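Here is the structure we will look at.
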Amino acid sequence: MNSILEALYRGQFHPEEAIVPSHPEYRPLRRQIAAMTEQWKKRLSEEEFCELEELFDLCDRSDGMHIEAAFLHGLKLGSSIMIEVMTAREELVQNASSSKSL
C-alpha cells in the first residue's frame, strides 16, 4: 500500500469522495431534498426546472469552495497545533533535581 504522500503525489488520493456525514439527520435530509426536487420538477415547465437545476449547480459550486476553504483552514490549524505541541514537548519533562520544566 502506498503512503498517503505517494498516493497524493500520484493523484490516487481523493478524500472528498469518501466523505459521508455521520450526522443522524443527514440521510433523511437528503431524501427530503430529493423529494422536494421531484415535486418542483412536476410543477415547473422543463425550461423552468432547468433554470432551477442551474441554481442548484451554482449553490453546489459555492458550497464546494466553502468546503475546500474549511478543509484547508482545518489542516493548517491542525498542523499548527502539532508543531506547537512538538516544539514545546521539552516543557513537559520535569528536571528531577529542581521541579522546574527543562
Side-chain angles (χ1 to χ4, degrees):
M1 181 173 176
N2 292 338
S3 74
I4 293 173
L5 292 176
E6 289 171 336
L8 184 61
Y9 176 78
R10 293 184 179 128
Q12 301 166 332
F13 185 63
H14 305 281
E16 73 283 358
E17 294 175 0
I19 297 170
V20 178
S22 60
H23 194 287
E25 295 177 23
Y26 176 74
R27 291 192 190 278
L29 182 59
R30 293 302 302 171
R31 284 192 290 273
Q32 185 180 1
I33 291 169
M36 290 182 80
T37 301
E38 194 59 35
Q39 289 174 359
W40 280 108
K41 187 174 185 177
K42 291 176 184 175
R43 274 189 222 161
L44 300 174
S45 70
E46 187 175 334
E47 183 180 328
E48 290 170 327
F49 186 73
C50 283
E51 290 177 14
L52 182 61
E53 284 185 314
E54 288 177 22
L55 173 62
F56 290 160
D57 290 343
L58 290 173
C59 289
D60 287 345
R61 286 179 50 201
S62 173
D63 289 346
M65 291 174 191
H66 184 265
I67 291 166
E68 179 181 355
F71 170 79
L72 293 173
H73 178 78
L75 184 61
K76 289 175 184 178
L77 179 60
S79 298
S80 295
I81 290 170
M82 292 303 299
I83 289 168
E84 185 174 323
V85 167
M86 297 305 292
T87 57
R89 67 177 171 228
E90 64 277 354
E91 295 173 9
L92 300 175
V93 178
Q94 296 289 322
N95 183 339
S97 60
S98 70
S99 63
K100 291 184 178 180
S101 295
L102 294 176

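On a predicted model such as this, the values are computed, not experimentally measured, just so you know.
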Are L77 and V85 in one and the same hydrophobic cluster, where Ile, Leu, Val, Met, Phe, Trp and Tyr link if side-chain heavy atoms are under 4.5 Å apart? yes

For residues 54-72, please give each side-chain donor-acceptor pair under 3.5 Å, one per line with the distance, not counting sequence neighbours.
none

Using the rule given for side chain to side chain contact (heavy atoms under 4.5 Å, CB included), can you reason through R27 versus V20, listing the C-alpha separation, both sets of side-chain angles and the distance that settles it, and then say yes or no? CA-CA 10 Å; R27 291 192 190 278; V20 178; 3.6 Å; yes

Does H14 use its side chain to pair, donor to acceptor, with the backbone of E16 at less than 3.5 Å? no

How many angstroms lie between atom NZ of K76 and atom CD1 of I81, to the nearest 0.5 angstrom? 14.5 Å

As an exercise, state the distance from CZ of F13 to OG of S3, rounded to the nearest 0.5 Å. 10.5 Å

Got more than 12 heavy atoms from elsewhere within 6.0 Å of CG, L44? yes

Residue pairs fulfilling side-chain hydrogen bond (donor to acceptor under 3.5 Å, both in side chains) with at least one residue in residues 29-51, sequence neighbours excluded: S45-E48

